[in-house]
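Everything below concerns the one structure shown next.
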Amino acid sequence: MKKEQKIMIGVLVGVVILAILIFFLLKGCVKEYTITFDSNGGTSVEPIKVKEKEKVPKPNDPTKEGYIFAGWYYEDELFDFETLVTKDMTLEAYWSSNGIELKTNTLSMVIGSEQKIEVTSLPDGVKKEDLVYLSSDESIVTVDKDGNLNALKAGKVTITIQTKDGKYKTTCTVTVTEEKIEVKSVSITGSSTVTVGSSIKLSVTLNPSDATNEKLTWTSSDTSIATVDENGRVKGLKAGTVTITVTTENGKTATREITVKEKSTTPSNPSTPSEPSNPTPSTPTPSDPEEDTPTPSEPTVPKKYTITFDSNGGTSVSSQTVEEGGVVKRPSDPTKTGYTFVEWQWNGKTFDFQTKIRENITLKAVWKENEPKYVITLTANVSDTGSIRDYTITSVTKDGKDFKDFITFTYNNQTRKPVHIGKVMSADFIDKGITSATIVLENGTKVTATVVIK
């Protein structure tokens, strides 16, 4: 091979090598950015690498039970996938409510009552006939195909409302408590006489017999003649007549007149001697006289039992001592922050305060957790001309404390991602006639928030 040919080949090889080096050098100089997808509680979406000034490939929509995917947002704006990438970005999934809206997502019922779940809004194309209602515990509450509820016993259940295909779903929490049955009338039974130093036990009959407000108060019209305790036991102190009154918790009364008598005694009564048959009188022999005062029998001391109240985290309640056969005096209801007192139970069942006591017992308080109160406060920003430009969120609270752990905020039929203090809302978004909003918590629960506009 000639020298000139060798030189030419060497030059060509060098040019190729140089071109390859330039290609890889240029490739290495192209920047890449990371696009992260925050699914906001939905199924995960993997991050991707995108070259500078290229478009972000749109991933498959994530899913989240009970919600509809509303799009990917960047810095509170719907992201345009035609945008050319120039930096690292995190796109956040927005979710809208599933389209099934209820008048309320919490209901309270009493045993034996009926109520209907009211559906106020449905997704496009869905009819009420397409809904299925399911109860988490039919021994507490049953529900039919139209959303009619029937409360059977005390407890709490979740009613699921969903379309037949399961695409749309929401829930309603139902709490069932015992019905309060008022006393209509009361009467007193028992003896109407008692001797000084003795006692008698009066009883009451309530109408209806299954009344629930059974707390009774006993009084005597003259405690110097006779006293009466909380169990209706009357003790005679001196001869006379008194009126004993019993009053129910709701103000119904009954009276009984009691006569207190002195203890009876039988005087000695010897027989009259017979007329003597001869001058020598015989000594009269009296019959055995009765004792001036009968010897009283040894009084029977009634057994006493201790009634202990377990307030179950509430304010303490003093124990009571009750004589055998007596009844427990209903105490004032205890209190517990964040809860409402429901009832006293014994061995897991509602305690009947007319139960006659035969043993020491412990009554346990049952509580119902109060529904938290959410409040969103908006303050109007006024222009120099006096018109409202927009509104600023000045506070979001739960039971009076700052709160921010929720996913979406729906007001005036518009949904926003989590709001924060200082965020500005347009004047068109706010309607002073609407005083509530729906917020979705991080666990997916929907609650109602009061909207205060200043």
Side-chain angles (χ1 to χ4, degrees), residues 35-42 56 62 64 66-83 86-106 120-121 170 337-338 370-454:
I35 310 301
T36 305
F37 298 92
D38 178 2
S39 62
N40 208 354
V56 178
K64 184 178 181 181
Y67 296 89
I68 299 172
F69 178 66
W72 294 104
Y73 280 69
Y74 179 67
E75 294 183 346
D76 290 346
E77 299 292 338
L78 183 64
F79 182 71
D80 183 358
F81 281 88
E82 294 298 315
T83 303
T86 58
K87 57 184 176 181
D88 293 335
M89 293 187 295
T90 296
L91 304 185
E92 185 177 4
Y94 273 33
W95 302 93
S96 64
S97 59
N98 59 25
I100 301 177
E101 297 287 344
L102 306 180
K103 183 177 181 180
T104 178
N105 289 84
T106 58
T120 57
S121 178
T170 191
T337 303
N370 296 336
E371 296 291 340
K373 296 180 180 179
Y374 301 86
V375 179
I376 298 175
T377 303
L378 307 171
T379 301
N381 301 314
V382 183
S383 66
D384 295 337
T385 62
S387 62
I388 296 176
R389 296 194 309 269
D390 48 36
Y391 294 83
T392 300
I393 296 177
T394 50
S395 69
V396 181
T397 61
K398 174 184 176 182
D399 289 335
K401 298 180 181 179
D402 290 342
F403 180 73
K404 60 181 180 179
D405 299 328
F406 56 94
I407 299 171
T408 59
F409 160 66
T410 302
Y411 174 81
N412 199 7
N413 294 321
Q414 299 182 57
T415 300
R416 296 288 186 269
K417 66 171 292 184
V419 297
H420 56 268
I421 296 175
K423 187 176 181 69
V424 176
M425 297 289 186
S426 69
D428 293 339
F429 179 67
I430 306 303
D431 183 339
K432 290 187 176 181
I434 300 176
T435 58
S436 66
T438 299
I439 59 178
V440 178
L441 307 184
E442 290 188 337
N443 63 3
T445 301
K446 289 195 300 184
V447 298
T448 299
T450 300
V451 176
V452 177
I453 302 175
K454 296 183 178 180

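- Of the possible polar contacts, one joining the Y411 side chain to the D431 backbone as a donor-acceptor pair under 3.5 Å is found.
- Here the shortest heavy-atom pairing between A93 and S39 reads CB-O, 3.6 Å.
- The backbone N or O of K373 sits less than 3.5 Å from a side-chain atom of D399, completing a donor-acceptor pair.
- The backbone N or O of T106 sits less than 3.5 Å from a side-chain atom of T104, completing a donor-acceptor pair.
- A donor atom on one side chain and an acceptor atom on the other are found under 3.5 Å apart for T385 and S383.
- Between V451 and I434 there is no side-chain heavy-atom pair separated by less than 4.5 Å.
- For Y74 against L91, the heavy-atom pair with the smallest separation is CB-CD2, 3.7 Å.
- Once rounded to the nearest 0.5 Å, the distance linking CD1 of I393 with CD1 of I376 reads 6.5 Å.
- To the nearest 0.5 Å, atoms CZ (R389) and CG (N381) are separated by 5.5 Å.
- Applying the side-chain hydrogen bond (donor to acceptor under 3.5 Å, both in side chains) test to T90 and every residue at least two apart in sequence or in another chain returns nothing.
- Of the inter-residue distances, the one linking N105 atom CG with T448 atom OG1 reads 6.5 Å to the nearest 0.5 angstrom.
- Between K446 and the choices T170, L102, T410, I439, the side-chain contact (heavy atoms from CB on, under 4.5 Å) rule is met once, by T170.
- Separating the OG1 atom in T120 from the CD atom in E101 is a distance of 6.0 Å, to the nearest 0.5 Å.
- Atom-to-atom distance recorded for W72:CH2 and M89:CE is 12.5 Å, nearest 0.5 angstrom.
- In this structure, F79 has its ring center no closer than 6.0 Å to that of Y73.
- Between the T377 side chain and the V452 main chain, no donor and acceptor come within less than 3.5 Å of each other.
- Note: I430 CD1 to L378 CG = 5.0 Å, rounded to the nearest 0.5 Å.
- Heavy atoms only, all atoms of each residue included: K87 and I35 are closest at O-CD1, 4.2 Å.
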